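Report on the following structure.
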Amino acid sequence: MAYEPVLTKHCAARDGYTLDFYVKNQRGYEGLRKALALQPNDIIEQVKASGLRGRGGAGFPTGMKWQFVLKDTPKPKYICCNADESEPGTFKDHVLMERNPHLLIEGCAISCYAIGAKVAYIYIRGEFYHVQEVLEAEIEKAYKAGFLGRNILGSGFDCDVFVHRGAGAYEAGEETALIESLEGKRAQPRIKPPFPAVAGLYQCPTAVNNVETLCNVPLIVLNGPEWFASLGPEKNGGPKLFCISGHVKRPGVYETSMHTTLRELVFGEQFAGGMIDERPFKAIIPGGSSVPLLLEQDLDTPASFDHIQKAGSLLGSAGLIVMNDSVCAVWLAMNLLHFYRHESCGKCTPCREGTDWLFKLLLRLESGDGQPKDLDLLFGVSTNIVGKTLCAFGDAAATPVLSTMKLFRGEYEAHVREGRCTLPAPWRAAHPVVAAHQ
Amino acid sequence: MARVTIDGRPYEVPDGGSVLGAVRAARVRLPTLCHDPRLAPSGVCRLCLVRIAGVARAVTACTTPLADGMDIVTASPELAAARRGILRMLAARRRSRAALIDESHPYIRVDMSRCVDCYRCVQICDEVQGQFVWHVRGRGLDTRIEPDGASLRESACVSCGACVDTCPTGALEDRLGAAHGAPDTWTRTVCPYCGVGCELDAGTRDGRLVAVRPVIDSPVSRGHLCVKGRYAFDFVAAGDRVTEPMVRGRGAWRTVTWDEAYAVVAARLGDVIRRHGADAAAVLTSARATNEDNYVAQKFARAVLGTHNVDCCARVCHAPSAAALRRVVGAGLATGSFDDIERAATLLVCGANPTESHPVVGARIKQAARRGARLIVIDPRRIELAAYADLHLAVRPGTNVALLNAMAHVVLAEGLGDRAFLAARTSGLEEFRRFLDAWPPSRAAEICGVDAASIRRAAVLYATGAPATSVHGLGVTEHVQGTDGVAALINLALLTGNIGRPGSGVNPLRGQNNVQGAAHMGCDPGVLAGSVPVDQGRVAFERQWGVALPSAHGRTLPQMLDGAIDGSVRALWIMGYDVLLSNPDAAATAQALAALDVVVVQDLFLTETARDYASVFLPACSSFEKDGTFMNAERRVQRVRAALAPRGGSKADWQIVCEAARAMGAGGFDYAGPEAIWDEVRALCAGARGMTYARLDRGGLQWPCPSLDHPGTATLHAETFARGPRAVLEPVPYRESSQTPSTEYPFQLITGRTLYQFNAGTMTGRTRNADLRPADLLDISPDDAARVGVGEGDAVRVISRHGTAVLGAHVDATVAPGQLFATFHQPAVRLNAVTGEGRDPVTGTPEYKVTAVRLEHA
Amino acid sequence: MSFHPKMEYAPARFHKSARTLPDPGGDFTYTAENQAKFDANVQRYPPDQRKSAILYALYLAQRQQGFLTRAAMAHVAGQIRCTTADVEDVVSYYTMFYTKPVGTYVLNVCRTLSCALLGAERVTEAISEKLGIKVGETDASGMFTLIEVECLGACDRAPVVMVNDDWEERLAPEQVGEFIDHVRAKGRAAFTGCHLHKEK
């Protein structure tokens with residue numbers, strides 16, 4: 001059965017992002033109109049019934065998250081849209097904001113209405129400036145058309161949507177760190193409890209939702225929860241955006257249902273179209289850099305939250321990074337640990353110190369100076385990070401090491417044995433630059 | 001209580017806290033680096049990771065709320081490996097990072113190569129002191145902790161040492177005492193400085209005081225101290241400490257034995273009394289001496305010398321508070337407690353600068369305001385707390401009464417009073433209302449220089465934000481209307497029902513650690529120990545002391561000096577008080593002292609008074625060298641304990657007085673020690689009866705504490721007033737100060753204290769605080785500075801009708817145009833040459849807070 | 001000057017702090033245009049939460065001056081109503097603020113996995129050789145600064161280089177030299193590598 005895109009159907013259209021186009025071709029803002037005729041709690045019930053799970057990485061049911069938002073309080077409530085898309089291998093929210101901004105704006109407005117908020121902040125990463133310009137211009141148009149602002153569509157409901165630009169911090173994608181950053185502080189995570197649903201932005205009840213998650217909300221309201229659930233496997237309903245990058249012929253964002261297997265996504269003609277130069281497939285990271293690798297044998301797994309988890313990894317942010325046989329596992333881990341070391345916020349000890357240890361050990365191995373005992377140390381430091389840090393960052397940082405060591409132990413041992421990298425790929429620099437603070 | 005299982009064993013622990021609290025209560029060892037009970041848990045070091053049955057991830061015990069029935073595992077190979085891993089990484093990084101080393105501060109050494117990024121210093125500076133000096137910069141491995149200025153010395157640091165105290169690694173270290181090694185003995189005692197009365201642990205080694213640390217479970221200071229208590233203790237061992245008795249003969253000092261000294265004292269005092277009568281002798285006691293010292297001193301005056309001429313330095317500070325409180329509600333004591341700061345919804349700070357003068361209370365007020373309490377500041381200067389205040393009324397000096405009357409007017413006019421309280425517990429409302437009719441804010445606005453709308457808003461904030469508490473300082477009392485000013489504050493509290501309930505009250509912030517105690521022990525010509533008026537207490541005291549009390553009224557401190565000039569007072573015994581430097585109108589004070597036949601000074605140092613005028617000098621020991629009790633501003637009696645042996649031949653004040661009394665042939669002065677003296681106080685004063693040393697050794701108790709099972713009194717006047725069921729609302733007419741600016745003297749000078757120095761500088765001047773604040777300065781507003789052509793640091797001559805002083809100018813925008821502010825700590829400046837003879841007619845308290853002056857380039 | 005003649009402490013002579021301070025810079029105030037922008041932006045947040053506008057305020061200052069001096073941070077602190085030290089905390093955390101002068105064009109080469117798989121290391125290498133500078137440096141003409149950054153979220157357009165706020169996508173190592181020459185010659189008009197540009 002061919003899948004009909006609903007989130008990105010018109011992304012290729014030249015004026016697909018405009019308000020007029022949205023209203024004409026996507027039943028734009030009808031969801032909002034419909035929602036405003038309902039009780040807020042009905043919307044939460046619909047979202048719960050749809051089974052919508054957060055598209056940011058954790059896959060937590062959105063309806064439940066909203067239900068936790070404290071109701072009985074005189075404090076204002078907030079929606080924070082997490083548009084800090086920073087997980088390596090992930091670039092789907094970028095497409096939505098750039099090519100279908102009104103879907104997000106409408107999603108923000110409906111979500112605000114559902115939880116009793118009057119303001120949504122879209123926290124967009126600083127590097128997406130060109131996207132932000134598009135988004136802000138379209139928000140302006142939505143205000144003019146009466147879809148935002150005071151007394152929306154004559155309902156008496158007021159809602160503001162503001163874009164807030166970040167300034168370069170992966171950790172700002174963690175929900176409490178995002179809130180800190182939005183408050184004008186350093187993007188460092190808070191301890192939980194209290195959860196944002198109770199004390200989030202400005203210590204007020206807050207729901208933090210990913211861009212793609214919020215974009216699904218108007219569709220659920222418009223087409224009903226059953227329609228949404230029917231699009232994918234059980235508990236993995238709805239449309240899903242997959243970001244495919246790496247050694248594939250046609251990297252890009254593809255929308256399909258979560259029935260689709262990883263093999264189809266990587267090799268399917270309507271998707272990434274197979275490996276560049278037909279070189280052999282080595283491994284895939286299925287959910288952004290923070291999840292374990294999967295191998296050829298796992299490719300027939302449907303790309304759903306639950307199936308991928310069963311296969312030993314996570315769907316995460318659905319950032320599929322495909323690698324051919326030229327990729328050295330140690331180099332791969334080192335590349336990602338450079339990322340994590342650079343992005344660690346520094347608040348808790350295992351992450352701040354541990355990511356540096358891991359990177360230095362990997363650098364030593366990769367440059368041929370590794371000792372056999374380094375492998376044990378690498379493993380030991382990683383296990384001391386996993387599950388022991390203040391936020392989920394630590395788990396994410398240790399995963400590339402633990403996963404590559406598990407799947408490609410032989411390559412690690414070869415580095416030690418031969419005193420050099422055993423797979424120096426042609427796309428790597430002859431003398432790679434090793435940046436800052438070592 | 002919660003039932004929990006820890007490492008397989010059942011425990012009952014107090015509920016409501018964290019898992020770490022439970023583990024600690026069960027006395028199970030669990031290491032932490034970032035935990036400090038004074039701070040919000042941060043969970044950053046990750047050492048206290050535990051496993052809890054049913055929870056997927058390991059969690060930090062410090063951040064996890066305790067629940068009944070929890071099954072907690074603190075020790076396992078996995079957790080041990082994690083902890084070892086963390087410590088190994090922290091240990092290793094010392095080699096790998098360049099770190100900030102900052103030796104700019106005289107008390108605090110910074111070596112961040114030892115830092116483990118637990119952020120306790122950052123947190124304590126924010127959450128306890130509220131100074132925000134330490135900042136976290138960079139991120140990840142590049143995370144570094146830095147002061148907010150170029151160096152710690154140039155930062156906003158107030159040198160409270162809280163960061164050093166909490167630092168678990170020595171990245172922040174005390175410099176004092178470092179050369180002498182870590183203390184081997186810790187003695188809990190009370191700070192020798194202000195009336196907050198913080199408890200502290202004095203650390204000694206080899207008979208030397210090498211460190212002071214705050215006491216975590218102190219109800220007053222809650223694990224905090226200020227720069228004076230924490231670091232300014234080196235005066236104890238100052239080189240010019242006098243440790244042998246001295247007698248002056250023909251202008252030169254001669255060291256004598258104690259017996260010789262007593263003989264001289266006995267002979268010369270006896271001579272004066274024989275020739276001029278007992279009332280020609282007078283005794284001044286010290287608000288920094290213990291209750292026991294003060295009690296025996298007033299007993300000495302009354303029972304040995306035979307005069308009520310006994311007073312203490314409360315006269316020059318909070319006598320008006322005591323007088324007004326005694327008159328209106330019946331007890332000259334703070335009505336509430338410091339804990340009311342946290343309980344109050346509204347805080348009124350009037351004529352006080354707590355963050356400098358009472359820093360630990362200042363920090364508590366600051367934190368309360370940060371947590372959302374309403375704060376109203378009434379002060380001519382834009383003091384630090386004004387930045388945290390909802391409203392700052394920059395009242396013109398000397399016009400408090402007009403302002404407070406107008407606030408009371410608003411409360412009544414807008415029906416904001418507490419009707420039930422007014423009906424049940426006050427009288428005179430109608431007359432008071434008629435009086436206040438004449439005090440609309442518009443009238444006060446003209447007098448006070450504060451706009452009427454702000455006065456109204458202050459009244460509304462105070463009256464509608466119950467419970468509201470007020471704290472006031474010398475900015476209320478040291479005026480010609482000092483007693484009236486306090487009465488006006490009490491009126492405001494009575495109108496709004498803000499007396500006698502938690503979170504409310506009228507609370508004077510006492511200037512010195514035992515001002516409350518000294519006056520309360522009877523060092524006041526009009527009252528006996530327990531603040532009993534002489535006539536009421538006469539029978540009981542005569543029975544206890546076995547002598548007849550004199551019948552003539554005694555003299556207050558200013559009256560004693562007046563008497564010296566007119567020849568009616570011939571002998572003055574001064575205990576721990578630099579009269580010359582502290583009293584106003586120094587020229588007149590000097591004239592009085594010079595006219596005396598005998599001046600006996602009992603002190604640590606040869607003070608300015610002693611140097612110039614004493615005939616006998618009796619070396620006393622500091623509060624670190626003796627036992628006794630102090631009574632702080634919230635009436636809490638706390639134990640003072642000797643951490644050191646008396647230096648050289650010095651003796652405790654009580655001992656000196658008793659021995660002198662015995663030398664004069666008096667009985668009733670052979671106490672075995674301070675406890676025996678205190679037991680005599682307990683026998684005479686119902687309010688002290690329950691406070692045995694045995695109980696006080698377990699923690700301070702708030703007066704009154706009438707029986708051994710009484711917990712002490714946090715809030716006075718809860719059911720009824722000490723003076724009876726009703727307090728009288730008494731009209732307080734406004735009187736203008738004579739020190740209003742004129743063309744000849746266009747500025748109004750305010751004097752006061754700074755953070756780093758204390759009063760006459762006798763103690764702080766002999767510590768490295770003198771590095772942090774080297775000189776008295778004259779603060780002048782930028783406008784005035786530009787107008788009169790005075791630049792930063794210029795030497796300026798301040799001239800009043802009474803005298804002149806020369807000091808450096810400091811251009812400071814917190815001072816209003818037309819006003820000047822200066823401290824009076826420095827002997828060389830002798831600022832009190834400038835202040836005048838104005839006095840509060842009720843108590844005789846000098847008008848320090850306003851003097852008309854002019855400026856000249858020096 | 002000490003209080004008492006017998007002060008036992010000599011005048012303090014302490015070392016200076018080793019802390020590195022931001023460039024003090026000359027006087028800084030927003031242009032009227034930037035002030036208006038800030039005043040409009042700060043309205044997005046509750047009145048008692050002006051600090052939320054700090055990143056925006058810093059961007060304005062950086063765009064006005066090229067990098068952030070202490071004077072600029074102090075100005076931002078005044079706008080936000082916090083201390084300059086608070087501003088410094090924030091500046092030091094985020095990677096997109098510069099506290100040292102940078103070139104007219106800051107070449108931010110993405111170095112994370114997806115870009116690296118398609119030659120990002122060699123892009124950096126090529127820029128480095130072309131301009132004769134190392135990562136973190138500015139070339140002699142003051143026109144280019146080379147910085148390596150982590151994932152830009154453009155992995156399908158790898159390798160990607162962010163030049164100031166614009167993206168150059170699929171910039172192969174072999175094209176680097178030509179691109180730099182074009183920027184030198186034509187300035188911003190040479191930025192043609194963004195998909196948005198191509199679609200126009």
Side-chain angles (χ1 to χ4, degrees), chain A residues 167-172 176-177 181 185-194 203 337-361 376-377 379-395 397-398 435-438, chain B residues 18 32-34 40-51 55-65 67 77-94 96-98 115-119 122-123 126 135-145 371-372:
Chain A
Y170 168 74
E171 182 60 13
T176 56
S181 182
K185 304 175 194 154
R186 300 150 54 81
Q188 293 190 319
R190 298 176 178 171
I191 52 169
K192 298 187 247 186
Q203 295 300 314
L337 260 298
H338 187 288
F339 170 82
Y340 286 110
R341 183 183 69 146
H342 182 261
E343 298 297 339
S344 169
C345 82
K347 188 165 179 174
C348 75
T349 321
C351 175
R352 180 185 63 240
E353 308 290 332
T355 50
D356 183 51
W357 275 52
L358 293 181
F359 174 73
K360 282 183 182 149
L361 283 166
D376 295 336
L377 191 53
F379 185 78
V381 173
S382 303
T383 47
N384 276 346
I385 296 175
V386 173
K388 301 193 174 60
T389 49
L390 205 146
C391 72
F393 187 105
D395 296 26
H437 54 65
Q438 346 239 297
Chain B
S18 66
T32 57
L33 272 175
C34 67
S42 68
V44 302
C45 78
R46 315 304 289 175
L47 278 179
C48 70
L49 281 174
V50 293
R51 286 270 174 196
V55 179
R57 285 171 71 95
V59 295
T60 40
C62 62
T63 61
T64 308
E78 178 217 12
L79 296 173
R83 284 182 202 132
R84 229 182 349 258
I86 288 167
L87 289 176
R88 181 175 178 183
M89 292 193 288
L90 289 175
R93 74 186 203 154
R94 181 146 187 211
S96 62
R97 285 211 251 169
C115 175
V116 292
D117 287 344
C118 68
Y119 308 119
V122 182
Q123 270 189 288
D126 295 2
H135 284 252
V136 188
R137 301 274 160 73
R139 77 176 190 207
L141 198 71
D142 188 35
T143 299
R144 54 200 188 272
I145 295 169
R371 280 193 302 270

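Naming: A, B, ... by sequence-line order, numbering from 1 per chain. Below, all heavy atoms of this structure are taken into account, side chains as well, without hydrogens, waters or symmetry copies. No experiment lies behind these values; they were computed from the predicted model shown.
Considering all non-hydrogen atoms of both residues, Leu141(B) and Arg352(A) come closest at CD1-O, 3.7 Å. Of all the heavy atoms in Ala82(B) and Lys388(A), the pair that sits closest is CB-CD, 3.5 Å. Contact record, Met89(B) with Trp357(A): CG-CE2, 3.7 Å, taken as the closest heavy-atom pair.
Remark: Ser42(B) engages Cys34(B), Val44(B), Gln123(B) in a side chain to side chain contact (heavy atoms under 4.5 Å, CB included) (not counting sequence neighbours). Shown here are the salt bridge (Lys or Arg N to Asp or Glu O under 4.0 Å) partners of Glu343(A), two or more places apart in sequence or in another chain: Arg139(B).
Neither the backbone nor the side chain of Val59(B) comes within contact range of chain A; no heavy atoms are under 4.5 Å apart. Neither the backbone nor the side chain of Ala187(A) comes within less than 4.5 Å of any heavy atom of chain B. Residue contact with chain A, scored on non-hydrogen atoms closer than 4.5 Å, is absent for Arg83(B). Both the backbone and the side chain of Thr389(A) have a heavy atom closer than 4.5 Å to some heavy atom of chain B.
The closest side-chain heavy-atom distance from Ile385(A) to Arg46(B) is not below 4.5 Å.
Atom OG1 of Thr143(B) is separated from atom NZ of Lys347(A) by 11.5 Å, given to the nearest 0.5 angstrom.
No donor-acceptor distance shorter than 3.5 angstrom exists from the side chain of Asp117(B) to the backbone of Thr349(A), with no hydrogens or angles considered. Between the side chain of Arg186(A) and the backbone N or O of Gly138(B), at least one donor-acceptor pair lies under 3.5 Å.
Ranked by heavy-atom pairs shorter than 4.5 Å toward chain A, the options Gly85(B), Gly43(B), Ala81(B), Cys118(B) are led by Ala81(B). Annotation: maximal heavy-atom pairing with chain B below 4.5 Å, among Val381(A), Ile191(A), Leu390(A), occurs at Leu390(A).
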*asked:* Before you tell me yes or no, could you show the steps for Arg88(B) and Asn384(A) under side-chain contact (heavy atoms from CB on, under 4.5 Å), namely the whole-Å CA-CA distance, both residues' side-chain angles and the distance that decides it to 0.1 Å?
replied: CA-CA 12 Å; Arg88(B) 181 175 178 183; Asn384(A) 276 346; over 6 Å; no
